[in-house]
Number of protein chains: 2
Amino acid sequence: MAPRSISRAAEAGPRIATAHDVARLAGVSQSAVSRAFTAGASISPETRDKVAEAARKLGYRPNLVARSLITRRSHVIGVAMAYLENQFYPRALEALSQAFSTRGYQVMLFTGKPGASSDPMLEEMLRHKVDALVMASASLSSRFDVECQNAGIPVVLMNRRTESRSISSITSDNRQGGALIAAFLAAGGHRHLAFMAGSENSSTSQDREEGFTHALAAHGLGTPRRVVGLYDFDQAAAAMRSLLSAPERPDAVFCANDHMALAAINVARAEFGLEVGREISIVGFDDAGPAAWPVFGLTTYAQPLRAMVEEVVAATCARLSDPTSQAVRTIVPGWLAVRSSARLPPVGLTVRDGLTTWMPPEV
Amino acid sequence: MAPRSISRAAEAGPRIATAHDVARLAGVSQSAVSRAFTAGASISPETRDKVAEAARKLGYRPNLVARSLITRRSHVIGVAMAYLENQFYPRALEALSQAFSTRGYQVMLFTGKPGASSDPMLEEMLRHKVDALVMASASLSSRFDVECQNAGIPVVLMNRRTESRSISSITSDNRQGGALIAAFLAAGGHRHLAFMAGSENSSTSQDREEGFTHALAAHGLGTPRRVVGLYDFDQAAAAMRSLLSAPERPDAVFCANDHMALAAINVARAEFGLEVGREISIVGFDDAGPAAWPVFGLTTYAQPLRAMVEEVVAATCARLSDPTSQAVRTIVPGWLAVRSSARLPPVGLTVRDGLTTWMPPEV
DNA sequence: CTGAAAGCGCTAACAT
DNA sequence: ATGTTAGCGCTTTCAG
């Protein structure tokens, strides 16, 4: 029998070292070990070194599960996100994960079953004791609100908003973006406008539409023709098809996001042989990756992804460190990325760092 | 003093109910509550009902953190994934998350800092006590292997393989896919072939290249010209540029994945005015979302995403339920999705369900 | 079938 | 600065 096998259970392989094991080897108490791994704990350098040495030998790593049981902080953020075929979201997810991990949080992903309610997802999040929730898609039931408030976990919405006073939201300026696009299209001399909506219950789509429609009216261009793409590629393609098959074809269509705008370009070009940007103008919203690809050259309202993510993380951490703090409703300004998918207005274009944008001429 | 406030701490809001609270209200022991929430535990229907009722009243939810401390199962799977701008990965992630949640597991996402080693990521995964790891990108250091083995947590690679005997991997048939593409291109009458590699240390890129190159030689087409796109859109674009600027232009290029192939199409069409599929053939690998978009019509070796994900989940769960089981090395067959980006061979095409594929004529 | 009691690995008073 | 003690909320023997 090996001399050091005191009371090791007859398991396969060496047990995972605990703080006790480290304490024994270092000749200190278990709490000393805990302190050695706690930033700012009062411990002498010698003890810390002894512990570090023993820990290294044993390959010890603090068990975060045990820690969170007592500190009541799991350092895990639940992120609800579906619809990852829309390039905007994977980028957002990656950025969120990186930003949170910088602050010591990990992201637990909740995608939800395709058509299901968000309630089972909420249930899982709550059981797993996530410290906070960031929701970047899925529409939340009203239960969500109260359950999270009861559980005392902050909820931050990204790219959507809600009426609830207790839920923070970070969006870009959807209304202003819609209005800017209306002005841009009007300045470009378009007369027959169309709008392609996302989901009817999406605040984001609503805001963009409102901004667009109101500004259009202000420019004396009446009400745009309206189709619904449900944020889905195939649905958007179908919607575009109906738009282009109608007797009076629009000369410009604003799609509530890039994913649908890309579908629209595909249909216009491949099925109707239209030269996008000359025979028809298509504008999107997001500035997701493929928008900038040369074959698309999609003119779109650019949502500042990094800035939005920073705000999300800031809002989350703020409520985490002070639970009594108010929910915020942050609107991050974006800008119009002008490329080739829409006819250009004669004036107002600016180029900086190789990027072209447009601002309405001063009134 | 309210009659029922026995010893509640003077906190804000109602405390989150624990099994003890439920037990008290139901008039049973705390272990009875535990049993009521454990499938297959021996408990009478009456007790179960009493507990359920009390739990409902209190909004009780078992605390998974506490549970996992004692069961040593967190029911959390760590998924390491970066490079989400390649559409294949977000889809994979979504599918993984759904498949795992069906089996009672949640996914914790690890993206890693852009250029950093995978070691700090590993550290976090271990501290969080994930039950298993699935790695869909990032190259793992050798430490990874031994650390995970020590910690007793299974590692499953998706879309890459490794030499280690203890690590499972699920890939599609990269070699065969490369070979099939070579045969397809040869049959299409192409003479000047080129290959665009991903990362040099990527087993996936290597396998695809090997299959391609060997088959090409067998068809008497010599060694293809070789460029490196590093799986990156801009790098791939640059590589394509150099290919098309060279004195002898290739008439077909096989890119190690769709993301690069899409970049190649962009450059060929937008910068060189080439009609892709007639003046030059471009073939990819993955069949990621945009490949099927009409404007691209990318001919590509389709990796069966759902099947691969099912295999990943199966391999993970197998090792979880029997830690002594062997690591597997599964190769899932794919098929050639023939579209318009490459010139068609005169024979061998088959259409089924609106999808076109190609098989080499029998020898 | 049920309750009492012993911990899972750790942090946080509280003494010293 | 350090050790002792008491749990965090739960599962799991072990008696009965």
Side-chain angles (χ1 to χ4, degrees), chain A residues 7-9 11 15-52 54-55 58-76 126-131 151-152, chain B residues 7-9 11 15-51 54-55 58-75 126-131 151-152:
Chain A
S7 70
R8 176 190 295 170
E11 295 170 358
R15 250 185 47 251
I16 288 179
T18 72
H20 265 108
D21 303 329
V22 177
R24 207 170 314 144
L25 180 60
V28 298
S29 76
Q30 186 266 329
S31 13
V33 177
S34 171
R35 290 190 184 101
F37 283 92
T38 306
S42 75
I43 186 172
S44 73
E46 301 87 67
T47 314
R48 180 187 293 280
D49 289 350
K50 271 194 298 186
V51 170
L58 297 173
Y60 169 74
R61 259 176 286 267
N63 181 333
L64 256 35
V65 171
R67 173 182 296 187
S68 64
L69 185 57
I70 188 158
T71 60
R72 284 126 184 290
R73 286 223 167 288
S74 61
H75 280 246
V76 172
L126 262 20
R127 289 155 50 99
H128 276 282
K129 297 289 159 193
V130 297
D131 285 347
Chain B
S7 69
R8 177 189 295 170
E11 294 169 357
R15 250 185 47 252
I16 288 178
T18 72
H20 265 107
D21 303 329
V22 176
R24 207 170 314 142
L25 181 58
V28 297
S29 76
Q30 185 265 331
S31 8
V33 176
S34 172
R35 290 189 184 103
F37 283 92
T38 306
S42 76
I43 186 172
S44 73
E46 300 87 68
T47 313
R48 181 188 293 280
D49 288 350
K50 271 194 298 188
V51 170
L58 297 174
Y60 168 74
R61 258 175 287 266
N63 181 333
L64 257 34
V65 171
R67 171 182 297 188
S68 64
L69 185 55
I70 188 159
T71 61
R72 284 125 184 284
R73 286 225 166 289
S74 62
H75 279 246
L126 263 21
R127 288 155 49 97
H128 277 282
K129 297 289 161 191
V130 298
D131 285 346

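Atom set for the values below is all heavy atoms of this structure, side chains included, hydrogens, waters and symmetry mates excluded. Worth saying up front: this structure is predicted, and the values here are computed from it rather than measured. Residue numbers start from 1 in every chain, and the chains themselves are labelled A, B, ... in the order their sequence lines are given, proteins ahead of strands.
Arg24(B) contributes atom CZ, which lies 12.5 Å from atom OG of Ser29(B) (distance to the nearest 0.5 angstrom). A distance of 9.5 Å separates CZ of Arg67(B) from NE2 of His128(A), quoted to the nearest 0.5 Å. To the nearest 0.5 angstrom, Ile70(A) atom CD1 is 11.0 Å from Leu69(B) atom CG. Atom OG of Ser68(A) sits about 8.0 Å away from atom CG of Asn63(B), to the nearest 0.5 Å. The distance from the OG1 atom of Thr71(B) to the CG atom of Asp131(B) is 8.0 Å, given to the nearest 0.5 Å.
As judged by a 4.0 angstrom heavy-atom cut-off over every strand, Val65(B) is placed among residues making no nucleic acid contact. Among the protein residues, Phe37(A) comes within range of no part of the nucleic acid, since none of its heavy atoms lies under 4.0 Å from any strand. Nucleic acid contact for Thr47(A): sugar-phosphate only, since backbone atoms but no base atoms lie under 4.0 Å from a heavy atom of the residue. The residue Val33(B) sits apart from the nucleic acid: no heavy atom pair falls under 4.0 Å.
Remark: the Arg35(A) side chain and the dG3(D) base include a donor-acceptor N/O pair separated by less than 3.5 Å. No hydrogens or angles were tested; on distance alone, a donor-acceptor pair under 3.5 Å links the side chain of Ser31(A) to the base of dT4(D).
Atom-to-atom, CG of Leu69(A) to P of dC10(D) comes out at 9 Å; the value is rounded to the nearest Å. The distance from atom CD1 of Ile43(A) to atom P of dT11(C) is 12 Å, rounded to the nearest whole Å. At whole-Å resolution of the value, NZ in Lys129(A) and C1' in dC8(D) are 11 Å apart. Taking atom CG of Asp21(B) as the reference point, atom P of dC8(D) lies 11 Å away to the nearest angstrom. The distance from atom CZ of Arg127(B) to atom C1' of dC10(C) is 13 Å, rounded to the nearest whole Å. Between the CZ atom of Arg73(B) and the P atom of dT12(D) there is a distance of 12 Å, rounded to whole Å. One atom, CD1 of Ile16(B), and another, C1' of dG9(D), lie 12 Å apart when rounded to the nearest Å. Separating the CZ atom of Arg15(B) from the P atom of dG7(D) is a distance of 14 Å, rounded to the nearest angstrom.
Taking the nucleotide of DNA chain C with the nearest heavy atom to each of Leu64(A) and Gly27(B), the more 5' of the two is matched to Gly27(B).
Between Thr18(A) and dG9(C), a side-chain N or O to OP1/OP2 separation shorter than 4.0 Å is absent. At dT11(D), none of the side-chain N or O atoms of Thr71(B) fall inside 4.0 Å of OP1 or OP2 (strictly under the cut-off). In terms of phosphate contacts, Ser34(B) brings a side-chain nitrogen or oxygen within less than 4.0 Å of OP1 or OP2 of dT11(D). Within the 4.0 Å cut-off from OP1 or OP2 of dC1(C), at least one side-chain nitrogen or oxygen of Ser42(B) is found.
Across all their heavy atoms, Thr18(B) and Tyr60(B) have their closest contact at C-CE1, 3.5 Å.
The nucleotide whose nearest atom lies closest to any side-chain atom of Ser29(B) is, among dC8(D), dG3(C), dC8(C), dG3(C). Nearest to the side-chain atoms of Ile70(B) among the listed nucleotides dT2(D), dT2(C), dG7(C) stands dG7(C). The side chain of Arg72(B) has dG9(C) as its nearest neighbour among dT2(C), dG9(C), dG9(D).
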